[in-house]
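Structure record follows, encoded as structure tokens.
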Amino acid sequence: MSKHVRSNKLFESSLLKEALIQSFVKLKPSNMFRNPVMFTVWIGTLVMIAVCTWIAAGEQNQGNLVYNIIVTSVLLITLLFANFAEAIAEARGKAQANSLRKTREETPAKLIQPVGEMYVNEVKIIPSSFLKKGDVFICETGDIIPADGEIIYGLATIDESAITGESAPVIREAGGDKSSVTGGTKVLSDKIQVKVTTEQGESFLDKMIALVEGASRQKTPNEIALTILLAGFTLVFIIVTVTLKPFADYAQTPITIAAFISLFVCLIPTTIGGLLSAIGIAGMDRALRANVITKSGKAVETAGDVDVLLLDKTGTITIGNRKATNFYPAHEVDEKAFLKAVVLSSMADDTPEGKSIIELAGINPLSYQVNNARFIKFTAETRSSGIDFDHTRIRKGAADAIRNLCEKKGNSFPADMAKIVTGISSNGGTPLVVAENEQVIGVIELQDIIKPGIQERFERLRKMGIKTVMVTGDNPLTAKYIAGKAGVDDFIAEAKPEDKMNYIRKEQAGGRLVAMMGDGTNDAPALAQADVGVAMNSGTQAAKEAGNMVDLDNDPTKLIEVVEIGKQLLMTRGTLTTFSIANDVAKYFAIVPALFITSIPALQGMNIMQLHSPESAILSAVIFNAIIIPLLIPLALKGVAYKPIGASALLRRNLFIYGLGGIVVPFIGIKLIDLFVSLFF
């Protein structure tokens with residue numbers, strides 16, 4: 001998503017114009033029916049229109065025509081304000097969608113035809129809309145990638161700014177966890193072959209457009225539960241309002257239809273009823289502005305309730321690249337011979353760790369003459385790498401892997417080397433043991449660098465009541481040291497895909513919600529199992545399909561932001577619900593005394609606002625009820641400011657600010673409006 005989209009102001013003239021039009025369009029019965037609170041206001045407005053017509057025809061018992069027209073108008077404005085809240089949220093999404101569509105312009109695709117299992121270089125230029133899942137196309141320097149896919153051959157530098165907004169190019173290549181490319185991005189260098197992984201209309205951009213437009217948005221369980229609660233409140237106040245009629249007749253107090261409808265509209269929670277949809281849309285919008293694509297609003301909401309957070313060590317807790325810091329040759333092993341073995345075993349190791357080993361040794365590998373060299377690549381199964389030449393076999397890898405390799409040949413693991421391995425692990429380092437012809441000849445020490453400020457971030461999560469779990473392939477001693485230094489609550493050492501799955505299932509069995517992030521195909525099962533799974537955009541298609549969120553920035557720490565966005569969404573909904581219900585107290589003290597004060601003078605004591613007259617009191621209450629909705633729209637869209645404090649402290653804070661504020665503000669607002677209205681009634 002481009003930067004200018006994310007920097008949209010809260011209210012722009014073009015968005016306001018579209019939202020105002022949609023406010024009237026949304027008055028359709030089919031639309032209003034989806035919101036039970038506002039639907040009853042809509043019915044009340046129709047009744048008042050009928051009452052005004054009745055009075056104009058000569059009815060004398062329903063009060064002044066002008067007064068009834070004003071009440072009707074205020075009710076209509078209340079509906080329009082509620083529709084405007086939803087419309088402005090949707091308009092912001094549509095503005096983003098239009099920007100995204102610009103990156104999905106018809107792009108030519110260089111389709112290549114399969115011959116058996118091979119692909120030839122003869123290309124056929126076709127429109128991108130003709131591409132099907134499984135097709136293979138070529139992209140060269142300067143080409144726009146026409147569709148989502150996986151690189152099956154080659155390596156290229158990709159400009160993803162059209163999607164992520166970041167100008168720095170990234171490298172994508174075949175065969176790894178960074179093989180996924182997105183339609184609409186641009187190849188800056190080299191040449192790649194890409195296999196299409198999505199059908200037409202199901203691409204990443206298509207999903208983004210549907211999400212930000214709200215077309216795919218469904219109400220979340222929490223939102224549905226709150227809607228049911230609000231519907232219950234509405235039903236209760238229908239009963240309350242209806243039962244006032246016999247009381248009024250008994251007290252010989254004539255009450256107009258306008259007064260009954262005004263009382264009902266003011267008592268039901270119209271504020272949260274009008275803002276509820278906007279809050280949900282804005283939650284997904286805030287996630288998108290943080291460069292996170294959510295597949296549903298439920299994912300954002302669930303993130304706010306997460307209890308356990310799984311985080312990879314490398315790149316999340318640590319800087320990402322371990323560096324060689326020390327060499328420990330075995331007893332009676334010549335240091336120069338050990339350095340030669342270390343350098344040769346790292347010749348084909350193009351990882352940052354391998355490069356740092358050669359850098360620390362300070363020797364050019366090409367200075368050694370070796371014949372018939374065969375390089376052994378690192379694999380997850382062997383957990384070692386190295387080189388074979390002449391009659392020499394050098395291996396470098398995890399301590400237990402080298403131990404097993406040596407013991408199979410009947411060679412023991414030296415006690416002094418075992419002691420060094422334990423010492424390195426205890427100090428948070430990673431020991432790499434070097435063996436020559438299945439004999440241990442020394443140890444390399446690698447050290448992780450903890451990211452600055454990560455301890456404070458974990459402390460924030462702890463204050464939220466979230467348990468943090470570090471996932472690492474390191475041995476338990478190293479994992480324990482890093483976990484303690486970083487401040488996480490638990491760790492999974494020597495983690496395999498099934499270990500992550502088992503841990504997630506165990507936590508979920510205890511009734512906890514779990515979030516995790518990943519980018520590889522081997523992360524897909526755990527991402528699917530987790531309640532909130534955040535996949536990296538640079539990761540494999542399998543990972544992106546398994547997760548319910550995609551991070552466009554490929555930032556593993558983004559999971560923390562996602563949790564905060566989710567909590568902010570839940571807080572915003574909760575605080576505005578508290579404010580809305582608290583509003584009813586003031587409006588009750590405004591309208592009920594006004595209805596009965598002439599026939600029951602004792603109710604004068606309830607007229608604590610000293611409102612001018614029954615008519616001005618009712619008008620003041622319904623006007624305040626209407627204008628409070630647009631005044632709260634910025635809060636609904638931006639969200640309540642979130643602070644990482646415990647649930648009980650959060651509840652006390654909300655009750656004090658929004659509960660007490662929800663009582664005090666209407667008293668002040670209604671009194672001020674009454675002072676103005678009393679000039680006319």
Intermediate values then yes/no, side-chain contact (heavy atoms from CB on, under 4.5 Å), Trp42 and Asn35: CA-CA 10 Å; Trp42 182 80; Asn35 188 331; over 6 Å; no

With a 4.5 Å heavy-atom cut-off, do Val665 and Phe624 have their side chains touching? yes

What's the verdict on side-chain contact (heavy atoms from CB on, under 4.5 Å) for Asp584 and Phe233, showing C-alpha distance, side-chain angles and the deciding distance? CA-CA 11 Å; Asp584 295 342; Phe233 269 117; over 6 Å; no

Is the side chain of Asp531 donor-acceptor paired with the backbone N or O of Ala515 at a distance under 3.5 Å, no angle test? no

Do Thr270 and Asn625 meet the criterion of a side-chain donor-acceptor pair at a distance under 3.5 Å? yes

Here's a test for you: under side-chain contact (heavy atoms from CB on, under 4.5 Å), which of Ile261, Asn583, Val622 qualifies with Cys266? Val622

Point-to-point distance, once rounded to the nearest 0.5 Å, from CG of Leu229 to CD1 of Ile224: 14.0 Å

Closest heavy-atom pair, Ala626 versus Pro630, reported as atoms and distance to 0.1 Å, is O-CD, 3.1 Å

Can you confirm whether Tyr658 sits close enough to Leu635 that some side-chain heavy atom of one is under 4.5 Å from a side-chain heavy atom of the other? yes

As a quick check of understanding, evaluate side-chain contact (heavy atoms from CB on, under 4.5 Å) for Lys245 and Ile255, giving each step before the final call. CA-CA 8 Å; Lys245 174 61 176 169; Ile255 299 178; over 6 Å; no

From CD (Gln22) to CG (Leu27), nearest 0.5 Å: 11.0 Å

Taking all non-hydrogen atoms of both residues, which atom of Phe84 and which atom of Ala19 are closest, and how far apart? CE1-CB, 3.6 Å

Mind checking whether Ile627 and Ile673 have side chains closer than 4.5 Å, heavy atoms only? yes

Given 3.5 Å as the limit, does a donor-acceptor pair link the side chain of Ser620 with the main chain of Asp674, or not? yes

Ignoring hydrogens, what is the shortest heavy-atom contact between Gln62 and Val51? Give both atom names and the distance. CB-CG1, 4.3 Å

Would a distance-only check, ignoring hydrogens and angles, find a side-chain to backbone donor-acceptor pair under 3.5 Å from Gln508 to Val514? no

Any Phe260 side-chain heavy atom under 4.5 Å of Val47 side chain: no

Would you say the side-chain atoms of Thr577 pair up with the backbone N or O of Arg573, donor to acceptor, closer than 3.5 Å? yes

Establish, yes or no, whether a centroid distance under 6.0 Å links the rings of Phe237 and Phe264. no

Met38 side chain reached by Val41 side chain, heavy atoms, under 4.5 Å: yes

Test item: Thr468 side-chain N/O and Asp489 main-chain N/O as donor-acceptor pair under 3.5 Å: yes

side-chain contact (heavy atoms from CB on, under 4.5 Å), that's the test. Do Met549 and Val532 meet it? Break it down for me. CA-CA 8 Å; Met549 294 187 185; Val532 178; 4.1 Å; yes

Interatomic distance, Leu660 atom CG to Phe579 atom CZ [nearest 0.5 angstrom]: 11.0 Å

How close do Gly511 and Asp307 get, heavy atom to heavy atom, and via which atoms? O-OD2, 4.3 Å

Taking the side chain as every heavy atom from C-beta outward, state whether Ile657 and Thr575 have any pair of such atoms under 4.5 Å apart. no

Mind checking the CD-CG spacing from Glu86 to Leu276? Nearest 0.5 Å is all I need. 9.5 Å

Heavy atoms, side chains only, cut-off 4.5 Å: are Pro36 and Leu230 in contact? no

As an exercise, state the distance from CG of Leu619 to OG of Ser678, rounded to the nearest 0.5 Å. 11.0 Å

Distance from His612 atom NE2 to Lys671 atom NZ, nearest 0.5 Å? 9.5 Å

Taking every non-hydrogen atom, the tightest pair across Leu527 and Ala535: CD1-CB, 4.3 Å

Of all heavy-atom pairs between Ala636 and Ile279, which one has the smallest distance, and what is that distance? CB-CG1, 3.8 Å

Should Met32 and Leu79 count as side-chain neighbours, where that means a heavy-atom distance under 4.5 Å? yes

Arg462/Glu459 salt bridge by N-O under 4.0 Å criterion: yes

Could you tell me whether the side chain of Asn68 and the main chain of Ile55 form a donor-acceptor pair under 3.5 Å? no

